[in-house]
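Presented below is the structure to which this report refers.
Atoms within a ligand are numbered from 1 in the order they appear, just like the ligands themselves. Hydrogens, waters and symmetry mates are skipped; everything else that's a heavy atom, side chains included, is used.
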Amino acid sequence: QAKSAGRNQYCFYQSSSGQQSDQELRLEQALRTALQQRQLQVAYQPKVALAEDRLVGFEALVRWHDPQLGQISPVNFIPLAEKLGLISQLGAQVLELVCMDIRQGGLAEVPVSVNISTSQLSESDFFHRTCHILNQHGVSAQRIELELTESCLIPEHAEETLVLLTRLRQVGFKLSIDDFGTGYSSLSYLRRLPIDTLKIDRSFIDELPDNREAGQIASAVIAMAKALNLEVVAEGIENTAQYDYLLSAGCQVGQGYFYCPPLSARDPALKNFIGRHCKGKRLAHNESQF
Ligand code: C2E
Ligand code: MG
Ligand code: MG
Ligand code: MG
C-alpha cells in the first residue's frame, strides 16, 4: 500500500510541478540552439580484436556540452531529439562530423560505426540523405557501419525495413544490431536480415564472469552469431575478468573502458592508442626511423 501511494505521489509530482516542465523547456531550447549553431561534437571509442589486440574500428558517440547546462548525456537528449522531430537533423550533423574526421585522416583506415535511431531509419529520405552526406565529403560507404537497435526491426514494418537495409548494404554500408539481447527480435527475422554484426549489450557484460545467467546469454549470442556467420562485438568491457571470459567464449571483438574511453579525434590519447594497436601504422613508424 505504501508503494502504491508512493507511485501516486510521483505521478502527481510529475504532472503538476511547473519546475519539471520548465527544466524540460530549457533543455529543449538549448538543444534547438545546439543544432542551429552546430555545437554537437563526436567522441570515438576504439573496437579491438580481442585475441590480437588490434584496432578494428571505432564507434562514434555524440557529445553535447551546453555553455549553461554543462555536459549532457545522449541518454537524455537523444530521446528528446526523437520526441521533437529533430533526430534526423542531429543524425545528419553527427554523420557530417564523422565524415570530416575520416577525411582528416585521424581515424586510421578502419570502419566507423554510427548509431541510428529507429525514428531516423523510418524517415522516407534516410537512404538518400545518408548517401548524399557521404558523397559530399568524398567518404566511401565501406568506411561506415550503421548501428541499429532491435527496435528498428518492428514486425509491422518488417518488409520495408528489409528492403531499406538491403539497399544500404548494396551500396557498401556495414550493418550491426546494437544492444543485442535486450529487445525481442524474432530469430527467424534476424536470419533474413542483411547484417554483418551483433553487439552484445553491456548489461550482460557488466555481470561477467560471476553471474551464470549473464554468462550463458553472452555465450549463446556468441554461438548464434557464429552459426549465422556474423561478427560479434562485446560492448562495455571494463576489466580483465570480463575480457578473459569473452575471449574464451569465442567473442572476436570488444570495446570498453578496459581498452579506451570515447575520445575526440584530436585527443593525443586517441592518436597514442591508434599507434599502439594499429599494426600497419607501427610498422610504418619503425620503418621511418631507419
Ligand atoms: P550505445 O550505442 O550502446 O553506446 C555505448 C555506450 O556505452 C556509450 O554511452 C559509451 O560511452 C558507453 N561505454 C563504452 N564503454 C563503456 C564501459 O566500459 N563501461 C560503461 N559503463 N559504459 C561504456 P554514451 O556515449 O553515453 O551513449 C549512450 C547511448 O546514446 C548509445 O548507446 C546510443 O544508443 C546513443 N547515442 C550515442 N550517440 C548517438 C548518435 O550519434 N545518434 C543516436 N541516434 N544515438 C546515439
Ligand atoms: Mg552503439
Ligand atoms: Mg550498444
Ligand atoms: Mg548498450
Side-chain angles (χ1 to χ4, degrees), residues 31 34-35 38-48 50 57-65 70-101 111-123 126 129-130 133 144-152 174-183 195-208 218 221 231-243 245-246 251 253-265 267 270 273:
L31 182 60
L35 287 168
R38 295 187 167 259
Q39 291 168 351
L40 298 180
Q41 296 181 315
V42 175
Y44 297 90
Q45 183 171 45
K47 296 186 183 181
V48 180
L50 301 182
F58 290 103
E59 177 172 7
L61 295 154
V62 66
R63 293 292 177 260
W64 175 26
H65 182 91
Q71 194 75 21
I72 301 158
S73 165
V75 173
N76 297 318
F77 69 82
I78 293 290
L80 182 65
E82 287 174 348
K83 193 179 106 189
L84 299 173
L86 298 171
I87 193 67
S88 290
Q89 191 186 351
L90 185 151
Q93 288 191 18
V94 168
L95 189 58
E96 283 167 4
L97 291 168
V98 168
C99 286
M100 288 191 277
D101 284 331
V112 179
S113 303
V114 177
N115 292 284
I116 305 294
S117 291
T118 303
S119 48
Q120 235 176 309
L121 202 68
S122 58
E123 299 264 327
F126 177 79
R129 206 169 174 182
T130 304
I133 293 171
I144 305 290
E145 180 169 61
L146 305 175
E147 287 193 7
L148 318 167
T149 58
E150 281 178 90
S151 62
C152 291
K174 292 181 188 61
L175 302 175
S176 83
I177 305 297
D178 203 355
D179 304 334
F180 187 77
T182 59
I195 53 170
D196 304 278
T197 307
L198 290 183
K199 293 188 79 173
I200 309 172
D201 191 62
R202 197 177 76 215
S203 59
F204 304 115
I205 312 303
D206 259 350
E207 300 192 55
L208 298 179
V221 174
E231 181 183 79
V232 58
V233 177
E235 62 175 21
I237 304 178
E238 294 185 352
N239 57 53
T240 314
Q242 292 165 342
Y243 166 85
Y245 186 97
L246 290 162
C251 182
V253 176
Q255 62 182 100
Y257 303 155
F258 175 66
Y259 287 111
C260 190
L263 296 171
S264 155
D267 192 321
L270 192 69
F273 186 92

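- Side chains of Glu59 and Ser113: no donor on one and acceptor on the other come within 3.5 Å.
- Contacts with ligand 1 closer than 4.0 Å are made by side-chain heavy atoms of Glu59 only, the backbone lying farther away.
- Of the possible donor and acceptor atoms, one in the side chain of Asp196 sits under 3.5 Å from a partner among the backbone N and O of Leu175.
- In this structure Ile87 satisfies the side chain to side chain contact (heavy atoms under 4.5 Å, CB included) test together with Ile78, Ala81, Glu82, Leu90, Ser117, Ser119, Gln120, sequence neighbours excluded.
- Between Phe258 and ligand 1, no N or O atom pair is found at a separation short of 3.5 Å.
- Listed by chain and residue number, Ala34, Gln37, Trp64, Pro67 satisfy the side chain to side chain contact (heavy atoms under 4.5 Å, CB included) test with Gln39 (two or more places apart in sequence, or in another chain).
- Under the rule for a ring-ring contact (aromatic ring centres under 6.0 Å, His included), the partners of Phe258 that lie at least two apart in sequence or sit in another chain are Tyr243.
- Neither the backbone nor the side chain of Gln255 has any atom closer than 4.0 Å to an atom of ligand 1 (non-hydrogen atoms only).
- If you look at Asp179 next to ligand 1, the close heavy atoms, those under 4.0 Å, all belong to the side chain.
- Looking only at protein N/O/S atoms, the ones less than 2.8 Å from the Mg ion (ligand 2) make 4 in total.
- At a heavy-atom distance under 4.0 Å, only side-chain atoms of Pro262, from C-beta outward, approach ligand 1.
- Proximity of Asp178 to ligand 1, defined as any heavy-atom pair under 4.0 Å, is confined to the side chain (atoms from C-beta onward).
- Only the side chain of Val94 comes within 4.0 Å of ligand 1, judged by heavy-atom distances.
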